[in-house]
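Every chain is numbered from 1, with letters handed out A, B, ... down the list of sequences. As the structure is a computational prediction, the values presented were derived from the model and not from experiment.
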Amino acid sequence: MEKLIVEIKKEITEAFVKAGYDEKFGMVSVSNRPDLCQYQCNGAMAAAKQYKKAPIMIANEVVALLENSETFEKIEAIAPGFINITLKGEFIANYVSDMAMSPKYGVEEAKNPKTIIIDYGGPNIAKPLHVGHLRSAIIGESIKRFGKYMGHKVIGDAHLGDWGLQMGLIITECKKRNPDWVYFDDNYEGEYPKEAPFTMSELEEIYPYANAYSKEHPEYREEAQNATFLLQNGKRGYYALWEHILNVSVNDLKKNYTKLNVEFDLWKKESDAQPYIKDMVQGMKDGGYAYISEGALVVDVKEDTDKKEIPPCMILKSDGATLYNTTDLATIVERMKLFKPDAITYVVDKRQELYFEQVFRCAKKTKLVGDDTKLTFLGFGTMNGKDGKPFKTREGGVMRLETLIKNITDAVYDKVSDRDISEDEAREIARKVGVAALKYGDLSNQASKDYIFDIERFSSFEGNTGPYILYTIVRIKSILAKYTEKNGAPDADAKMLAPVKKSETDLMLALAKFNDMMENAFEENAPHKVCQYIYELSNAFAGFYHENKIIAEEDKARQSSWISLITLTKNVLETCVDLLGMEAPERM
RNA sequence: ACACCUGUAGCUCAGUGGAUAGAGCAAUGGCCUCCGGAGCCAUGUGCGGCGGUUCGAUUCCGCUCAGGUGUACCA
């Protein structure tokens, strides 16, 4: 469906052209003075200079051409040159009725669907998820859902960290503790056991211990480095052990991501990119891009327009070893080969911006990707505690994601546990509402900014919070159930009547903005715009609800129109909530 | 040292080259036998500072102050 604002714009533009002005002045925006009008056009003021004419005269000419329009209830020129627009109720109602019939509530799917890879998550295996992984997961998941909704082919990749010294450390520690394991018998040639010799919680203890120990004991560290080397060169026993670590970790990660409604289409990992490194490096050398500087192999990525020195992108360390850059670039090679994406978006901590700028430039310069592939860095800010400093546990440590989720779920559970519902249902409600509280608290801020995590505020059922949005949905469901109980299922095709009261008009206008908002939120990778929208929509509903008694309404046609209206409201809210990666319970 | 980001109400955050800069929380006062009160209405305070561009700047530009972050062999 054409966006409402575009339909208005068309008509205004036509009038501008008819009156002899350039079409670019037919600009229309949502009114910033809702007490005066619904939409406005400021084009007359912009045109005044070019045509050397008072803006109000231009506005008057344009308005004169539109006075008998089918669309406008009222259109008037106001000093110094504003054109204020109020739409006919019938026009609005028709638009919203069409919207209800449209498969995506007025949103048009992309005509040329793109393949977009979203790189988010990025957890290390053998280490539990902590709060540092939260934003990437939440924001990335939402962005991914936006893209899919807009009709693109979007691939979410967890991009696991599975290939560094951490693996060597774990192997070394296992060997120290269990030298008799078959994985360490160099003469063993049979099959290795299918069952992992450790559990996730054991792994979680092994890694930090080995890491700390290696810092004190150089010979241990050396052994771990050697183990890493052997693993990367395919030593059978180590490789088998690594597979166990991977499997145990991935199972645990999936469990935790599922709790957050985060799902990846792909579980690729750094090790998958390794086979591409050799050819890539050779290509960079052959192409004349890479050269030795201070012993390391680098590619210059400076540009004339840079205001500061941008260090070259390092491909190989001076000892010849690969590093993060190498893997990230090789991952790009792999992705281009497997998926030929039109865009790759990285949802990463904003502190890595310079680093990714180097990687992107290097990838473009060395032709790993063409100019038609868009590489985007979507950096997010830090989650801070109430003191404004990075969020920590009371003891000052890093909080595990599981603990964080549990805390907020418990906070919600305390509020619903006294309801007349079963323990199981209360738990389930607490889970859904808790996740919504957590996510909405995060997503309602601009991703690039730091924000303050406040469990009290986020889990409140009042104000601009996730629970409030869910509550609105639940309430509408309750009204619809009550209506159905009395009157049977509502007529799905019922057209909406022109609104009578302002609160009804406001609700319709809020609904009509959905497609415009959604397109914008997708293009700008801005989940907070969806949050803002559903909050406004919920408030518009609250106003409408307060003024009209839907169940008690005696005019059946009116009542039926209202049922259609609130059904659409519910559907749009549920769609948005889903796009944010949240879900509404049946009751709460 | 250089670069980037941020600075909007007591607090947490939106927003905009145009008419009176908005929400929530907190505070104060009020309303309603409410289809779920987890409601509705009202009141008060603000664009860090100084210049510039513009008919018009909180928005764009420059300087300045404050906070944060980053500057090749970590990821």
Side-chain angles (χ1 to χ4, degrees), chain A residues 29-33 35-37 40 42 45-46 48-49 54-55 78-82 84 122 124 161 164-166 270 293-299 301 306-328 348-355 357-358 379 381-382 384 386 388-390 415-416 419 441 444-446 448-454 456-458 460-465 467-468 470-472 474-483 486 503 528-529 531-532 535-536 539 542-543 545-553 562 566 587-588:
Chain A
S29 56
V30 174
S31 167
N32 56 8
R33 287 291 304 275
D35 52 320
L36 300 177
C37 57
Q40 64 182 4
N42 297 342
M45 287 181 288
K49 197 168 198 177
I78 304 286
F82 296 103
N84 288 351
N124 276 325
L165 178 63
Q166 37 161 346
E270 290 176 351
S293 166
E294 295 174 33
L297 188 72
V298 302
V299 171
V301 294
D306 289 340
K307 283 190 177 173
K308 55 157 178 175
E309 275 294 291
I310 299 234
C313 182
M314 188 175 293
I315 309 298
L316 293 177
K317 300 202 282 187
S318 46
D319 63 359
T322 61
L323 64 170
Y324 197 49
N325 304 36
T326 329
T327 303
D328 266 327
V348 190
D349 190 307
K350 71 177 174 192
R351 284 173 291 197
Q352 295 191 38
E353 182 158 19
L354 175 62
Y355 164 74
E357 180 63 29
Q358 289 176 284
T382 318
N384 290 332
K386 276 188 186 171
K389 292 185 187 137
K415 294 183 189 183
V416 295
R419 306 283 156 82
S444 56
N445 298 295
Q446 284 183 43
S448 64
K449 290 192 185 178
D450 295 348
Y451 77 100
I452 292 183
F453 178 83
D454 182 342
E456 305 294 326
R457 191 160 67 81
F458 291 176
S460 165
F461 284 49
E462 294 163 37
N464 189 6
T465 67
Y468 171 76
L470 298 189
Y471 176 70
T472 305
V474 167
R475 226 169 167 196
I476 299 176
K477 283 183 179 172
S478 167
I479 298 170
L480 290 174
K482 205 148 276 175
Y483 174 87
K486 278 191 182 173
S503 63
H528 80 278
K529 297 205 169 178
C531 292
Q532 200 181 335
Y535 182 60
E536 280 165 18
N539 280 335
Y545 168 87
H546 189 246
E547 269 192 10
N548 302 290
K549 299 281 165 278
I550 300 162
I551 298 296
E553 175 62 35
W562 283 348
I566 68 168
R587 301 191 289 174
M588 61 187 276

**Q** Quick check: any donor-acceptor pair below 3.5 Å linking the side-chain of A:Gln40 to the base of B:A19?
**A** yes

**Q** Please determine whether side-chain hydrogen bond (donor to acceptor under 3.5 Å, both in side chains) holds for the pair A:Glu547 and A:Ser503, giving the CA-CA distance in whole Å, both sets of side-chain angles, and the decisive distance to 0.1 Å.
**A** CA-CA 7 Å; A:Glu547 269 192 10; A:Ser503 63; 2.8 Å; yes

**Q** If I take atom OH in residue A:Tyr355 and atom P in nucleotide B:A75, what distance separates them, rounded to the nearest angstrom?
**A** 9 Å

**Q** For A:Arg475 and B:C34, give me the distance from atom CZ to atom P, rounded to whole Å.
**A** 14 Å

**Q** Considering only B:G15, B:A72, B:G70, which nucleotide approaches the side chain of A:Pro312 most closely?
**A**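 It is B:A72.
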
**Q** Check every strand shown and say whether A:Leu36 touches a base, only sugar-phosphate, or nothing at a heavy-atom separation below 4.0 Å.
**A**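 If one applies the 4.0 Å heavy-atom cut-off, A:Leu36 turns out to touch a base.
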
**Q** How would you label the contact of A:Asn325 with the nucleic acid (heavy atoms, under 4.0 Å): base, sugar-phosphate, or nothing?
**A**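 Result for A:Asn325 = nothing.
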
**Q** For B:C25, which nucleotide in any strand shown is its Watson-Crick or wobble partner with both distances under 3.5 Å?
**A**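 Pair assignment: B:C25 / B:G10.
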
**Q** What's the CD-C1' distance between A:Gln532 and B:U12, to the nearest Å?
**A**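 One finds 15 Å between C1' of B:U12 and CD of A:Gln532, rounded.
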
**Q** Tell me which nucleotide, if any, is Watson-Crick or G-U wobble paired with B:G51 when both distances must be under 3.5 Å.
**A** B:C61

**Q** Could you check whether A:Asn84 gets within reach of a base, just the sugar-phosphate, or nothing at all, counting any heavy atom under 4.0 Å?
**A** base

**Q** Could you label the plane-to-plane angle of the A:Tyr324 and A:Tyr355 rings as parallel, tilted or perpendicular, counting under 30° as parallel and over 60° as perpendicular?
**A** parallel

**Q** Using a cutoff of under 3.5 Å, can you pull out all pairs of nitrogen or oxygen atoms linking the protein to nucleotides 21-31 of chain B, with atom names and distances?
**A**
{"from": "B:A23", "atom 1": "O2'", "to": "A:Tyr535", "atom 2": "OH", "distance (Å)": "3.4"}

**Q** Out of B:G36, B:G70, B:A72, which nucleotide sits closest to the side chain of A:Val474?
**A**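 Within the option list, the nearest is B:G36.
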
**Q** Roughly how many Å is it from CD1 in A:Ile315 to C1' in B:C73, rounded to a whole number?
**A** 12 Å

**Q** Which nucleotide in the list B:C35, B:A3, B:G15 gets nearest to the side chain of A:Lys307?
**A** B:A3

**Q** In whole angstroms, how far is the C1' atom of B:C13 from the CZ atom of A:Phe453?
**A** 16 Å

**Q** How long is the straight-line distance from CG of A:Asn445 back to CG of A:Asp450, given to the nearest 0.5 Å?
**A**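 Rounded to the nearest 0.5 Å, the CG-CG separation comes to 10.0 Å.
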
**Q** Assign each of A:Ser293 and A:Gly543 to its nearest nucleotide of RNA chain B by heavy atoms, then name whichever residue's nucleotide is nearer the 5' end.
**A** A:Gly543

**Q** Measure from the side-chain heavy atoms of A:Leu354 and tell me the nearest of B:G70, B:C73, B:C34.
**A**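 The closest nucleotide is B:G70.
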
**Q** What's A:Lys49 touching, base or sugar-phosphate or nothing? Going by heavy atoms closer than 4.0 Å.
**A** sugar-phosphate

**Q** Among the candidates B:A75, B:C13, B:G68, find the nucleotide nearest to the side-chain atoms of A:Glu270.
**A** B:A75

**Q** Under 4.5 Å between any side-chain heavy atoms of A:Tyr535 and A:Thr465, yes or no?
**A**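 With C-beta onward as the side chain, the pair stays apart.
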
**Q** Take A:Tyr451 and A:Ala79, find for each the nucleotide of RNA chain B with the closest heavy atom, and name the residue whose nucleotide sits nearer the 5' end.
**A**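 Upstream on the strand: A:Tyr451.
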
**Q** Just checking A:Ala542: base, sugar-phosphate only, or nothing, at a heavy-atom cut-off of under 4.0 Å?
**A** sugar-phosphate

**Q** A:Lys308 near the nucleic acid: base, sugar-phosphate alone, or nothing, with a heavy-atom cut-off under 4.0 Å?
**A** sugar-phosphate

**Q** Applying a 4.0 Å non-hydrogen cut-off, can you work out what A:Glu353 is touching in the nucleic acid: base, sugar-phosphate, or nothing?
**A** nothing

**Q** Look at all strands and tell whether A:Gln352 reaches a base, only sugar-phosphate, or nothing, counting heavy atoms closer than 4.0 Å.
**A**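 Contact class for A:Gln352: base.
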
**Q** Is any N or O donor-acceptor pair between the side chain of A:Asp35 and the base of B:A19 shorter than 3.5 Å?
**A** no

**Q** Within the 4.5 Å heavy-atom criterion, are A:Glu357 and A:Asp306 side-chain neighbours or not?
**A** no

**Q** Which nucleotide sits closest to the side chain of A:Ser478: B:A75, B:G36, B:C40?
**A**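 Per side-chain heavy atoms of A:Ser478, the pick is B:G36.
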
